[in-house]
There are 2 protein chains.
Amino acid sequence: MIAGGLRLLVPAMRSALDDCRSCEARCRSLCGSVSGAGLAEFADIAETIRLRPHQRVVTEGDPAAHVFNIVSGAAKLVKAMPDGRQQIVGFLLSGDFFGLPVGGAYPYSVEAIGEARLCRFERARFEALLGRLPAVETALRERLIADLGAAQEHMLSLGQKSALERLAGFLMQLSLRAGRLGLPSNPVQLPMTRAEIADYLGLTLETVSRTFGRLKDRGLIAVRGRHEITLKAMAHLDELAQGDEAPMVRRAEGDLRCRSVGS
Amino acid sequence: MIAGGLRLLVPAMRSALDDCRSCEARCRSLCGSVSGAGLAEFADIAETIRLRPHQRVVTEGDPAAHVFNIVSGAAKLVKAMPDGRQQIVGFLLSGDFFGLPVGGAYPYSVEAIGEARLCRFERARFEALLGRLPAVETALRERLIADLGAAQEHMLSLGQKSALERLAGFLMQLSLRAGRLGLPSNPVQLPMTRAEIADYLGLTLETVSRTFGRLKDRGLIAVRGRHEITLKAMAHLDELAQGDEAPMVRRAEGDLRCRSVGS
DNA sequence: CGCTGGGTTGATCGCACTCAACCCGCGTGG
DNA sequence: CCACGCGGGTTGAGTGCGATCAACCCAGCG
């Protein structure tokens, strides 16, 4: 999960929403944690929302009155600076959860990528439910820990990796994630634009475009259309993303310096 | 909290540790969430550990058998790459909590900065306790959400901000954090080295050193010794950190300002 | 004393940013 | 039907911020 992933609430909406059947398979692992009664309670406070492309559901800094769950489509979590710079801190796919506030306010804005359908809960009621359903509370904790881990992994990318390494890692992430959702993991589908990839990876759209070219030149990927990438050497891509292969920059390992005394 | 902050367990150690009194004041807000019996249970499974400077308690990738709570001193969360590059994803101060695994393994290494004392719990027992103490589970959830928010804020820094903006933001963070711990918030104490600041901000130590110089030249800070910084214009520093003032587009204006001072 | 770890400063380099032109597909409307 | 605009993408030329390499400084300490 690149960011706010939390797939436990989808089952709750089966009775509230009529066309959620595509979610059923992929969230089965967490269905067991919700009792029949609890499931009904979730359905009770659920509300369906449809989003047009680029439409915003949540605005950074607003008081957090609701939490959300993506049913279908994709969205992005955006943190903006006053001068227009922005960082996408995560992409959300169907089943992902978001909207938990920091200090009472949303810490990011959320906008749809393409059409999206999602499910809304009043936050107060949602939190009240958590108290009554410890299994859900535990599942939520697990997801938060996973998200925190993903965030830390992304910090490593943003702070230390080259453009090539970041993009390779991004493609591998998308592939793994699609696989977990039961979708084909090799021709990777990119619902987002180059500019959005750039804002996620801390690069510019030109650099992203050029870096796709470099990956293609190396024979690691094939670009088919704007939104489909074929991974031609996943193991190699992964090595590249991890920085395993010879990079231009090699930093000395500080702790073992005592070995080679001045010679 | 810059990273794995979680201050709820400290009270539990009052009976297990004799000299934790400095923690008492700062964790009072969460003390109420633990019943007397629960507190005793925590004390029961607590174990004290002392660390020498640079000593490692947790290694990235190892199976996570314990969770920890910092009693005194400071530590860093480090993610490393095979070629030696590393990203510090957080600094821990007294009261902070860490060690929750992603996929069963620690997602980072943890090393002491200077001397540190901490408290260790077996993870299985800790999680069992969470089930019996819902108030603690809730407090843990709150801390995880706050940590996730801090991580996302840091992504914005790493992905979009200049060296000057990152360092200004870092100093403001440290100041706020010290204030929350009941320590003086203006002459900021830096327990870590320049190299560690660099690895946290995604810069090199040379750039960090030069950027301290630029902040000093602008009259925003005063550097006293290696580990103490006086913030001379916190409002201005904060604007700088947020990117409110003229950023990358017209760097010339910033240079103009320096020139008029210099010549 | 000299050694060592941490910090500062200078000179140079290079990756990614910036600015800019251009391409392509698509929808709209004359 | 083509003209046009527009959003998204690619490519090229030049720039600059921060990385790299390398002295040098300073304090603590055996």
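In the text below, chain A, chain B and the rest are named by the order of the sequence lines, each starting its count at 1.
- Residue A/Thr204 places at least one side-chain N or O under 4.0 Å from the OP1 or OP2 atom of C/dC17.
- We find that CG of A/Leu167 is positioned 17 Å from P of C/dC15, with the value rounded to whole Å.
- Rounded to a whole Å, the CG atom of A/Leu164 is 12 Å from the C1' atom of C/dC15.
- Screening residues 222-237 of chain B for salt bridge (charged side-chain N to carboxylate O under 4.0 Å, His left out), with sequence neighbours left out, gives B/Arg224-B/Glu228.
- The interatomic distance linking B/Asp199 (CG) with D/dA19 (C1') rounds to 13 Å, in whole Å.
- The distance from atom NZ of B/Lys161 to atom P of D/dG18 is 14 Å, rounded to the nearest whole Å.
- Protein atom CD of A/Glu196 is 14 Å distant from nucleotide atom P of D/dG7, rounded to whole Å.
- In this view, A/Glu206 satisfies the salt bridge (Lys or Arg N to Asp or Glu O under 4.0 Å) rule with no residue, not counting sequence neighbours.
- Taking the ring axis of B/Phe91 as reference, the NZ or CZ atom of B/Arg177 does not stay both within 45° of it and closer than 6.0 Å to the ring centre.
- Side-chain proximity of A/Ser162 to C/dG6, C/dA16, D/dG18: nearest is C/dA16.
- Rounded to whole Å, atom P of D/dG18 lies 13 Å from atom CD of B/Gln160.
- Using cut-offs of 30° and 60° on the angle between ring planes, the pair B/Phe170 and B/Tyr200 is tilted.
- With a 4.5 Å cut-off on side-chain heavy atoms, B/Glu165 and A/Arg85 count as touching.
- One atom, CD1 of B/Ile197, and another, P of D/dG18, lie 16 Å apart when rounded to the nearest Å.
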Between the protein and nucleotides 7-14 of chain C, which nitrogen or oxygen pairs come in under 3.5 angstrom?
residue : atom : partner  : partner atom : Å
C/dG7   : OP2  : B/Arg194 : N            : 2.9
C/dT8   : OP2  : B/Arg194 : NE           : 3.0
C/dT8   : OP2  : B/Ser209 : OG           : 2.9
C/dT8   : O5'  : B/Ser209 : OG           : 3.2
C/dG10  : N7   : B/Arg210 : NH1          : 2.8
C/dG10  : O6   : B/Arg210 : NH2          : 3.1
C/dA11  : N6   : B/Arg210 : NH2          : 3.4

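- Contact between A/Phe212 and A/Leu190 at its shortest, heavy atoms only, is CZ-CD1, 4.0 Å.
- The separation between B/Arg214 atom CZ and D/dC17 atom P is 8 Å, rounded to whole Å.
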